[in-house]
Structures are given as structure tokens and as C-alpha cells.
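Written out below as C-alpha cells is the structure these notes cover.
Per chain, numbering begins at 1; letters A, B, ... match sequence-line order.
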2 protein chains.
Amino acid sequence: MSLAPLPDAYRQAPFDEGCAPRRLLRLFGGKWVTMILHTLHLLGGASRPGALLRSIPGLSKKMMTQTLRDLEEMGLVARDVRQAMPPVVEYRLTVLGRKMVEPVEMLYRWGAEHAAMLDRVDANLARARKAE
Amino acid sequence: MSLAPLPDAYRQAPFDEGCAPRRLLRLFGGKWVTMILHTLHLLGGASRPGALLRSIPGLSKKMMTQTLRDLEEMGLVARDVRQAMPPVVEYRLTVLGRKMVEPVEMLYRWGAEHAAMLDRVDANLARARKAE
DNA sequence: CTGTATCCTTCACGATACTG
DNA sequence: CAGTATCGTGAAGGATACAG
């Protein structure tokens, strides 16, 4: 899996504080951001909070809404509300959001294809910690 | 940029706590992990700590050594020491490390190619925060 | 069902100073 | 030059209970 030549912008200042890659990683830094984007993408169309919550083991109601709010502010996710009792709420990716999902999908794909490698990394870690 | 069909392992349990993608993201969670891997890769061959430190704005000596130790334990980075005064130390990616660099490079590449999109995300965020 | 408000704990990170 | 030790802080995340 060899990589194509790097674009110019990449060569210029790949290490600066505010460079694009660092900003991207910062954006994905939160524990649930990528999970939620990825799930919204996989479920497709509009998703209700309950479904989202059930789809992501370990995710709490609080962290879900908090993360969704952040994604909303970034313009990656839209929230639709239909007043009723009980209320009906749906979340969906915006156009911008669908584009930002690309790198997330890359990561998920790569991770799934190289699970064995991650096993080795974990095994190395466990052995090293034990040797102390 | 359309994506190929998903591999089976990816379909099976993409949401579980211990699934490969989540482990990958967890591995990259540290603030400096990806930066250091990426830099070791770009510099190529063996790198001295000083050079590394100078290449990554904002990185402190402490966080550098700490992160390098972690990467060593994972088997991604090797440390060569030549006893002398002053001592000569070099870090290089292992075979495993060179493979694990792939997803990092993907992120950097994508980030660089879509800097404008990241600008929009940041602008959205700034506007939303200001509107409060 | 969806969302908010508190409280509390943890730990990742940074600043600083010191050793060989 | 490389590395360690120590202390302090903020922010992220989890548990719980409540509200519309």
C-alpha cells in the first residue's frame, strides 16, 4: 500500500500548530465524535437519539447530546424536531458532515482490515507493562 | 471520492467497545502520538531527540520522551543508544511502526487536501459560540 | 422519549527544576 | 544533549437525578 506524492500544502508546514492535519486530529480528539459520525453515516438518512444510543455501546445520554451539540455548532450535523408528546427528534449529517465523514471511514476501514496488527500492538504493550 | 464496499470484519461489530477501529482511535488519542509518528516517517531513517523536538512546535521534552516510551512499548519505535559524553541517541520506526504510520499519513494527507473545509468548520464553531 | 443540571473523579498535559 | 522527578491545573468524561 504505497502512497502517492504529497500535495504542496502538505509539504509547506506540516508541523505548525494550526496546520490542517493537526486541526483535523483535534476535531476527532473527543472520545465519541468519530463513533457518532460513523454511526450516523452507517445508519443513513435520519437517526433518532434512542437508536443512536443503542447502537454505540458505552455511550451515555449526556455525552451523546453534548457531542451532537458540538457537531451541530460545527455544521456537521442537523437536528430536526417535531413537537409532540413524546417529542420526535432526528439527527442527520449535513452536506459538510458527509464530507467530513470520509477520513472517519478511512480510519474505520483501515482498522478493520488490520485488526491483527492492533492485536500485536496490544500484546506488545501488555508484555512491556508486565515486565516492569 | 467514493468508497469501496466494506470488508466483512467491518460489518460484523463496528460498534463494540473492543473493536479494531476504536482501538486504533484510542491509540492515536494522545496529543503527540500521531505528530511524532508522522515526523519520524517524514524525517526518514533515524532521528535524534533534539531534531524531533525542534521539528514539532509546542512539543515539550517531557511529553516527547513519554510518548516515545509508549511507542517503544507498543513496538512501533526503536531506541538506539551509543554511550558517550554527551550521549548519542536515535529513534527510528520499527517494521510494525512503518505499517502503523499508514493511517496517520492518510489523515495528514486528507487534512492537507481539505484545509478549506476545516476552515469552514472552525468558522461555524466560532459563529455558534459567539451567538450565545 | 429527549434533554438538562450537578457533582465528582481522573488523568493528560504543561511548567519547572534537577541529574549524568 | 538526553532524560527524569515533582507539582499543579484544566478539561473530559461518567454517575445520578430531575424536567418537559
With the sugar-phosphate defined as primed atoms, P, OP1 and OP2, and the base as all remaining atoms, what B/S/- string results for nucleotides 6-14 of chain D, 5' to 3', for protein heavy atoms under 4.0 Å? B------BB
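In this structure, the CG atom of B:Leu27 is 14 Å from the P atom of C:dA12, given to the nearest Å. For the pair B:Leu59 CG and D:dG3 P, the computed distance is 13 Å after rounding to whole Å. Atom-to-atom, CD of B:Glu90 to C1' of D:dG3 comes out at 17 Å; the value is rounded to the nearest Å. As rounded to whole Å, 10 Å separates atom P of D:dA2 from atom CG of B:Leu52. In this structure, CG of A:Leu53 is placed 12 Å from C1' of C:dG3, rounded to the nearest angstrom. Note: CD (B:Gln83) to P (D:dC1) measures 17 Å, nearest angstrom.
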Would you sort out whether A:Leu68 and A:Leu52 count as a side chain to side chain contact (heavy atoms under 4.5 Å, CB included), showing the intermediate values? CA-CA 11 Å; A:Leu68 284 169; A:Leu52 227 48; 4.2 Å; yes
When you look at B:Arg82 and B:Glu90, which way does the side chain to side chain contact (heavy atoms under 4.5 Å, CB included) test go after all the steps? CA-CA 9 Å; B:Arg82 289 186 156 234; B:Glu90 286 181 336; over 6 Å; no
B:Thr67 and B:Leu59: side chain to side chain contact (heavy atoms under 4.5 Å, CB included), yes or no, with the steps? CA-CA 11 Å; B:Thr67 307; B:Leu59 175 60; 5.7 Å; no
Starting from the C-alpha separation in whole Å, work towards a yes-or-no answer on side chain to side chain contact (heavy atoms under 4.5 Å, CB included) for A:Thr39 and A:Ser47. CA-CA 9 Å; A:Thr39 306; A:Ser47 302; over 6 Å; no
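If you take CE on B:Met106 and CH2 on A:Trp110, they are separated by 7.0 Å, rounding to the nearest 0.5 Å.
A sub-4.0 Å separation between OP1 or OP2 of C:dT2 and a side-chain N or O of A:Arg79 is absent. For the OP1/OP2 pair of D:dA2 and a distance below 4.0 Å, the side-chain nitrogens and oxygens of B:Arg48 include at least one atom meeting the criterion.
Within a 6.0 Å radius of CZ in A:Arg26, other residues, nucleotides and ligands contribute 12 heavy atoms or fewer.
Heavy-atom minimum distance, B:Met64 versus B:Leu53: SD-CD1, 3.8 Å.
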Any N/O pairs under 3.5 Å between the protein and nucleotides 17-20 of chain C? List them or say none.
none

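Nearest to the side-chain atoms of B:Arg69 among the listed nucleotides C:dT4, D:dT4, D:dA2 stands D:dT4.
In this structure the side chain of B:Leu71 reaches within 4.5 angstrom of the side chain of B:Leu37, judged on heavy atoms. Between B:Leu24 and A:Tyr108, every side-chain heavy-atom pair lies at or beyond the 4.5 Å cut-off. No side-chain heavy atom of B:Val121 sits less than 4.5 Å from a side-chain heavy atom of A:Arg23.
Axis deviation across the helix from C:dC1-D:dG20 to C:dG20-D:dC1 amounts to 40°, comparing end segments of five pairs, rounded to 10 degrees.
Each of B:Leu76, B:Val101, B:Val77, B:Val104 was compared with B:Leu40 under the side-chain contact (heavy atoms from CB on, under 4.5 Å) criterion, and only B:Val77 meets it.
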